[in-house]
Amino acid sequence: MQFEVWAPQAERVTLRCEGVTRALERDPQRAGWWTGEAEAGDGARYGFAVDDGPVRPDPRSRRQPDGPDGLSAVVDHGRHAWRAPWSGRPLPGAVLYELHVGTYTPEGTLDAAAGRLEHLVALGVTHVELMPLCPFPGRHGWGYDGVALWAVHEPYGGPEALKRFVDRAHELGLGVVLDVVHNHLGPAGNYLPVFGPYFTDRHHTPWGSAVNLDAPGSDEVRAYLLGSALAWLRDYRLDGLRLDAVHELADTRACHFLEELSTAVDALAAEAGRPLFLIAEADLNDPRFVTARKQGGLGLHAQWNDDFHHALHTALTGESQAYYADFARDPFAALAKTLTGGFFHDGTYSSFRGRRHGRPLDRSRVPAHRLLGYSQTHDQVGNRAQGDRLAASLSPGLLACAATLTLTSPFTPMLFMGEEWAAGTPWQYFTDHTDPELAEAVRRGRRREFAAHGWAEEDVPDPQDPATRERSCLDWSEPQREPHARVLAWYRELIALRRRLADLTDPDLADTKVAYDAQARWLAFRRGDVRVAVNLGKEPAALPLGPHPARVLAAWEPVQAPGPDGLLHVPAEACVILEQD
């Protein structure tokens with residue numbers, strides 16, 4: 001078997017494979033690369049030593065059986081016999097479901113999660129979006145401190161378990177999206193600097209030195225990240241990738257890394273004959289991320305839209321701290337602006353940032369499905385002091401309203417696992433760092449962060465306490481009892497309506513028309529012949545929908561179609577979807 005590694009500054013590189021050490025040779029065709037052969041099959045353990053240093057895992061390791069600090073293992077992807085023929089599921093018309101493997105089930109494995117996929121089929125979602133799977137220290141964590149960007153966390157089941165999960169999802173008609181982190185690596189188990197200039201001090205991020213996308217040596221670093229992304233899509237038959245915090249990818253080169261990545265993914269899609277897509281988490285409100293390359297954009301296929309979340313959250317909860325402040329001044333106006341224009345901050349002043357932020361979205365060039373809309377995510381729940389979901393403070397009626405606004409909006413909807421039944425379990429920040437000093441630093445940092453917002457130390461869960469993760473696991477007995485069962489039925493009904501009514505997946509953002517009364521706390525919008533109305537107030541509301549006859553398609557509480565006066569009477573904390581006859 002041929003082994004290779006990029007180590008441009010090394011004088012010597014050796015391969016340790018199955019207990020035998022061999023010197024590698026410089027590759028005369030590729031500067032900085034070292035190559036050599038050794039007898040090795042699937043599962044063989046190996047690593048590289050640079051300049052007689054310790055043996056370290058392969059930067060392109062496909063498997064880390066003993067965790068990030070152990071030796072790598074050979075993975076022969078050709079050994080897996082795929083069961084399900086799969087032609088893919090495109091992003092337009094999709095409903096995504098964000099899932100964390102470690103807390104979706106008490107077992108916290110990919111195989112256990114695969115055993116619960118029928119629930120998602122019955123719910124009606126089209127794609128599962130898995131939170132990061134790359135190896136990290138310990139057993140449990142969010143996954144955003146991963147290393148070994150080509151491998152699957154062994155406690156989740158490793159590479160073969162991911163293939164079984166994808167195969168099962170595809171058998172059931174579900175696409176699979178993976179959250180990948182290119183903007184930083186975790187603080188423990190990251191051996192990339194041993195091999196080469198994978199990071200640069202030219203730029204700095206919240207995690208320290210930036211990944212090297214534009215300094216000397218960056219050609220190979222970019223190739224490393226591109227290769228990892230394509231490997232997930234090719235070797236595991238994934239349907240798309242979610243790119244974490246792309247605004248932290250510092251790149252001054254003429255061709256941005258994201259443009260290079262989107263070009264490569266589109267080429268792989270053409271080669272594979274199935275749709276593949278990239279979804280960015282981006283904090284810049286910059287339409288160029290999701291504008292086609294031929295129109296001067298970076299060519300990503302979609303991005304998360306936090307502005308819609310913030311507007312919806314403030315309208316539902318009244319919260320106004322931190323980045324919610326600008327939205328909370330007039331949350332119904334903020335909701336109306338995002339529903340019709342995509343971004344709230346489109347060049348407007350952001351008090352949270354102390355400057356203007358964003359730029360307008362060209363609705364004639366950017367279809368609505370390129371923005372993801374959601375009422376909850378792992379970030380917006382887990383980064384609260386106690387990881388409390390909306391269900392912890394809102395009535396079932398308001399939760400139904402949140403679901404209605406999300407699932408009938410112009411955007412591609414995304415749900416966070418458990419929200420579809422108003423899960424009573426929190427989703428808290430948990431870690432399992434094996435380094436005691438790092439564990440204590442994370443614990444103190446978390447408590448210090450929330451102390452600044454008035455939280456007592458004892459009220460902030462200890463990330464290292466196993467009970468914190470256990471509290472965050474979904475309780476699968478809840479969907480069978482009230483009020484959870486009723487909320488779940490409502491989500492299913494809404495998703496079925498979205499699938500059935502073409503107006504609800506119309507990509508024309510400009511076609512959405514909104515009316516609201518902030519004092520009465522109601523909002524209504526029109527998409528083609530579909531009318532959606534929500535009453536967030538504690539009193540019934542009369543909404544002037546006009547004289548056009550309409551029939552009720554779905555309602556949280558019993559509602560009559562508007563009479564000759566054109567008024568729609570909606571009970572308190574309730575919602576209704578109608579279709580114009």
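Because only heavy atoms are used, hydrogens play no part in the values below, and waters and symmetry mates are left out as well, while side chains stay in. Computed from a predicted structure; not experimentally measured. Residue indices begin at 1 and follow the sequence shown.
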Fill in: Distance (rounded to the nearest 0.5 Å) between Glu281 CD and Asp179 CG
8.0 Å
Worksheet item: According to the salt bridge (Lys or Arg N to Asp or Glu O under 4.0 Å) rule, which pairs have a member within residues 502-512, sequence neighbours left out?
Response: none
Worksheet item: Tyr144 vs His378 aromatic rings, parallel, tilted or perpendicular, using cut-offs 30° and 60°?
Response: parallel
Practice prompt. Find out whether Leu174 and Leu117 are in side-chain contact, i.e. whether some heavy atom of one side chain is under 4.5 Å from a heavy atom of the other.
Written response: yes
Item to complete: Enter the distance from Lys513:NZ to Arg526:CZ here, rounded to the nearest 0.5 Å.
Response: 6.5 Å
Item to complete: For the pair Arg353 and Asp283, evaluate salt bridge (charged side-chain N to carboxylate O under 4.0 Å, His left out) and give the outcome as yes or no after the intermediate values.
Response: CA-CA 11 Å; Arg353 298 171 179 87; Asp283 186 42; 3.0 Å; yes
Worksheet item: Relative to the ring of Phe411, is the ring of Phe308 parallel (under 30°), tilted (30 to 60°) or perpendicular (over 60°)?
Response: perpendicular
Discussion item. What verdict does the salt bridge (charged side-chain N to carboxylate O under 4.0 Å, His left out) test give for Arg242 and Glu98, after you've listed the backbone C-alpha separation in whole Å, the side-chain angles of each residue and the deciding distance to 0.1 Å?
Written reply: CA-CA 10 Å; Arg242 184 260 191 187; Glu98 190 183 24; 5.6 Å; no
Worksheet item: Are a donor atom and an acceptor atom from the side chains of Thr263 and Glu260 found within less than 3.5 Å of each other?
Response: no
Worksheet item: Could you give the distance from CG (Leu120) to CG (Leu96), rounded to the nearest 0.5 Å?
Response: 11.0 Å
Worksheet entry | With sequence neighbours excluded, residues passing side-chain hydrogen bond (donor to acceptor under 3.5 Å, both in side chains) with His170 | Trp86, Asp239
Practice prompt. Could you tell me if the ring centre of Trp6 sits under 6.0 Å from that of Phe195?
Written response: no
Discussion item. Under 3.5 Å, is there a donor on one side chain and an acceptor on the other for Asp379 and Thr377?
Written reply: no
Practice prompt. Could you tell me whether the side chain of His203 reaches within less than 4.5 Å of the side chain of Thr252, counting heavy atoms only?
Written response: yes
Practice prompt. Verify, without hydrogens or angle tests, whether Arg237 (side chain) and Asp167 (backbone) share a donor-acceptor contact under 3.5 angstrom.
Written response: no
Worksheet entry | Test side-chain hydrogen bond (donor to acceptor under 3.5 Å, both in side chains) applied to Thr338 and Asp307, step by step | CA-CA 7 Å; Thr338 58; Asp307 280 14; over 6 Å; no
Worksheet item: Take atom CZ in Arg79; do more than 12 heavy atoms of anything else shown fall under 6.0 Å from it?
Response: no
Practice prompt. Verify whether one side chain among His184 and Asp244 offers a donor that lies under 3.5 Å from an acceptor in the other.
Written response: no
Worksheet item: Can you find a pair of side-chain heavy atoms, one from Leu130 and one from Val101, that are under 4.5 Å apart?
Response: yes
Worksheet item: Between the side chains of Arg253 and Ser218, does any donor sit under 3.5 Å from an acceptor?
Response: yes
Worksheet item: Sequence neighbours excluded, which residues qualify as side-chain contact (heavy atoms from CB on, under 4.5 Å) partners of Arg60?
Response: Trp33, Asp58, Arg62, Trp150, Tyr198, Tyr224
Worksheet item: Could Arg222 and Asp219 be called an ion pair, given the rule that one side-chain N must be under 4.0 Å from one carboxylate O?
Response: no
Worksheet item: With a 3.5 Å cut-off and no angle check, do the side chains of Ser351 and Asp326 form a donor-acceptor pair?
Response: yes
Discussion item. Between Val13 and Asp51, is there a side-chain heavy-atom distance shorter than 4.5 Å?
Written reply: no
Practice prompt. Taking the six-membered ring for Trp and the single ring otherwise, decide whether the centroids of Trp427 and Phe416 are under 6.0 Å apart.
Written response: yes
Discussion item. According to side-chain hydrogen bond (donor to acceptor under 3.5 Å, both in side chains), who are the partners of Asp266, at least two apart in sequence or on a separate chain?
Written reply: Arg293, His301
Discussion item. For Val147, is there any backbone N or O sitting under 3.5 Å from a side-chain donor or acceptor partner on Asn190?
Written reply: no
Worksheet, complete the sentence: In this structure, OH of Tyr156 is separated from OG1 of Thr109 (nearest 0.5 Å) by 10.5 Å
Worksheet entry | Pairwise side-chain contact, Ser228 with Val180, heavy-atom cut-off 4.5 Å (strictly under) | no
Item to complete: Just say parallel, tilted or perpendicular for the rings of His153 and Phe136, cut-offs at 30° and 60°.
Response: parallel
Discussion item. So, taking the atom named CZ in Arg168 and the one named CZ in Arg164, what distance separates them when rounded to the nearest 0.5 Å?
Written reply: 13.5 Å
Worksheet entry | Side chains of Tyr323 and Asp306, donor plus acceptor under 3.5 Å | no
Worksheet item: Between Tyr374 and Gln380, does any side-chain donor sit less than 3.5 Å from a side-chain acceptor?
Response: no
Worksheet item: So which pairs with a foot in residues 343-352 pass salt bridge (Lys or Arg N to Asp or Glu O under 4.0 Å), sequence neighbours left out?
Response: Lys337-Asp346
Worksheet item: So, are Asp27 and Arg30 salt-bridged, with charged N and O less than 4.0 Å apart?
Response: yes
Discussion item. Under the ring-ring contact (aromatic ring centres under 6.0 Å, His included) definition, can you give me all pairs with a residue in residues 233-285, not counting sequence neighbours?
Written reply: His77-Tyr236, His127-Phe277, His182-Phe257, Trp232-Tyr236
Worksheet entry | Phe344 and Phe327 aromatic ring geometry - parallel, tilted or perpendicular at 30°/60° bounds | tilted
Worksheet item: Do Glu25 and Thr35 have side-chain atoms, one donor and one acceptor, less than 3.5 Å apart?
Response: no
